[in-house]
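Let me begin by presenting the structure, written as C-alpha cells, before commenting on it.
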There are 2 protein chains.
Amino acid sequence: MNNRELDKKLSLRKIKPTAVRELVLKVLTEEKKAVSLSDLEHKFDYADKSTLYRTLKTFEEKKLIHSIDDGSGTLKYAVCHDSCECNPNDLHVHFYCTRCKQTFCLNEVSIPTVNLPVGFSLESVTMVVKGVCSNCRKG
Amino acid sequence: MNNRELDKKLSLRKIKPTAVRELVLKVLTEEKKAVSLSDLEHKFDYADKSTLYRTLKTFEEKKLIHSIDDGSGTLKYAVCHDSCECNPNDLHVHFYCTRCKQTFCLNEVSIPTVNLPVGFSLESVTMVVKGVCSNCRKG
DNA sequence: AGGGTAATTGCAACCGGGTTGCATTACAAA
DNA sequence: TTTGTAATGCAACCCGGTTGCAATTACCCT
C-alpha cells in the first residue's frame, strides 16, 4: 500500500497524516496478525514508545483500528474494515493461537447473540477463541 | 460459610487447608462479584500480596476458582461450581458493568458455539459482555 | 516569506499488576 | 524431638501502559 492510499485511509477517519502515522498504519495493514505496542517498538527502533502509544490511541479513537484483549496480558491492535463503526454488529471473533502465540481477526465469524438476564443492557461483546491456527496445524 | 465447610471445599480440590486459604475462599464465595488480587490485598491488611497471589494461583490450578479477564486490565477470580473442570462446556459468559465497574459470572448463560474456519482447533473460549447490570439500571 | 499558534513527537519518569528469589515460619511424618 | 516439606512474608523486580513537559514540526494568517 502506497503513501497516497495510506493518507486517504487516514483522512477518511479524520486523522492528520504524518510520517509516523503512515508507517504505523502500513505495518498494521500489512500484518496478518494483530500487532502490539511492543511489536511496533521493535519494528521502528527510531520511534518513541509514547509516540507509538499515542498513535495507536488516536487510531482507535477514530475507529481506524480496534484493540483486542486476547488474555495474553498485552493489548493487540488490528485495522477495522472501511465501514466499521465498532458497534456491536461490527464485532467479530478473535482467535489466539496457543502454538505461535499470535492473534488474528476472524472477520468472517461474527459474534453470536447472547441472551442476558432481565435488567441487563448490552454495550459491547468480546469473544476470544483459543486453540491452534490452521497454519500451525499444517506445519 | 463456616470453617468446616470451607475446609471441605478445599480438600475436595486437594488443597491443604490453611488459615489464609480459608479466609480467601470465604471472601471469594461470599462476594457476588469477581474479586481481584488488589481487592484481596485491601480486605486483608495483614496478609502479603505474594501470599494472596500464590493462593489464587493454587486455587486456579486446582480448579477451585477460575480467572476472568474482563478487559479492565486487572484479572478477577470467581469460584467454580462444584463439578466444574474448566472444560469448554463448563464455560459461561461474564458480564462487566461499565457503571459500577464490577464483573459477574452469568452462570446460567453458557457460551454459544462458534464455527471456526477450517483447520482451526478449539481449546477454550472467553466471552465478556459489557453493559449496565440490573442493579445499576434500577438505581 | 515571516510570525504565531496548535499539534505532534521525544524523553524521562512513573504507576500498578503481576511475578520471583530467598529467608523464615508452620506443619507433619518419622 | 528431629527433620524435611510446604506455606508465608518480605523485598525487589519486570513490563505494559500512561503521563508531564520540553522540543520540534506543521499549519494558518497576514
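Letters A, B, ... mirror the listed sequences (proteins, then strands); counts begin at 1.
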Is any NZ, NE, NH1 or NH2 atom of the basic residue among [X] and [Y] found under 4.0 Å from an Asp or Glu carboxylate oxygen of the other?
{"X": "B:Lys8", "Y": "B:Glu22", "result": "no"}
{"X": "B:Lys26", "Y": "B:Glu30", "result": "yes"}
{"X": "B:Lys33", "Y": "B:Asp39", "result": "yes"}
{"X": "B:Glu31", "Y": "B:Lys43", "result": "yes"}

Could you give the [atom1]-to-[atom2] distance, from [X] to [N], as a whole number of Å?
{"X": "B:Leu37", "N": "D:dG9", "atom1": "CG", "atom2": "P", "value": "14 Å"}
{"X": "A:Glu61", "N": "C:dA7", "atom1": "CD", "atom2": "C1'", "value": "14 Å"}
{"X": "A:Glu60", "N": "D:dG17", "atom1": "CD", "atom2": "P", "value": "11 Å"}
{"X": "A:Ile68", "N": "D:dG16", "atom1": "CD1", "atom2": "P", "value": "17 Å"}
{"X": "B:Leu75", "N": "D:dG16", "atom1": "CG", "atom2": "C1'", "value": "14 Å"}

Subject >> Cation-aromatic face contact A:Lys130/A:Tyr96, 6.0 Å, 45 degrees >> reply: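 Yes, a cation-pi geometry.
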**OP:** Kindly state which residues belonging to residues 39-59 of chain A come within less than 4.0 angstrom of DNA chain D, counting heavy atoms of the residue only, listed by number.
**Re:** A:Lys49, A:Ser50, A:Tyr53, A:Arg54, A:Lys57
**OP:** Could you list by number each residue of residues 23-35 of chain A showing a heavy-atom separation from DNA chain D of less than 4.0 Å, or answer none if no residue does?
**Re:**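 Contacts with DNA chain D under 4.0 Å: none.
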**OP:** For B:Glu41, enumerate each residue passing the side chain to side chain donor-acceptor pair (under 3.5 Å) test, keeping only those at least two apart in sequence or located in another chain.
**Re:**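 Residues passing side chain to side chain donor-acceptor pair (under 3.5 Å) with B:Glu41: none at all.
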Original post:
Which nucleotide sits closest to the side chain of B:Ser38: C:dT8, D:dT8, C:dG17?
Top reply: C:dG17
**OP:** Answer yes or no: is there a side-chain heavy-atom contact under 4.5 Å between A:Tyr77 and A:Ile68?
**Re:** no
**OP:** Quick one: list whatever passes ring pair (Phe, Tyr, Trp, His ring centres under 6.0 Å) with A:Phe44, sequence neighbours left out.
**Re:**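 A:Phe44 satisfies ring pair (Phe, Tyr, Trp, His ring centres under 6.0 Å) with A:Tyr46 only.
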When hydrophobic residues are tied together by side-chain contacts of less than 4.5 Å, even through go-betweens, does [X] share a cluster with [Y]?
{"X": "A:Ile15", "Y": "A:Val35", "result": "yes"}
{"X": "B:Leu75", "Y": "B:Leu25", "result": "yes"}
{"X": "B:Val128", "Y": "B:Leu91", "result": "no"}
{"X": "B:Leu122", "Y": "B:Phe120", "result": "yes"}

**OP:** Kindly calculate the angle separating the two end axes of the helix from C:dA1-D:dT30 to C:dA30-D:dT1, each obtained from five base pairs, and round it to 10 degrees.
**Re:** 20°
Subject >> Rounded distance (nearest 0.5 Å) linking atom SG of B:Cys133 with atom CZ of B:Arg137 >> reply: 10.0 Å
Original post:
At under 4.0 Å, does any side-chain N or O of A:Thr18 touch on OP1 or OP2 of D:dA26?
Top reply: no
Polar atom pairs (N or O), protein with nucleotides 23-30 of chain C, under 3.5 Å:
none

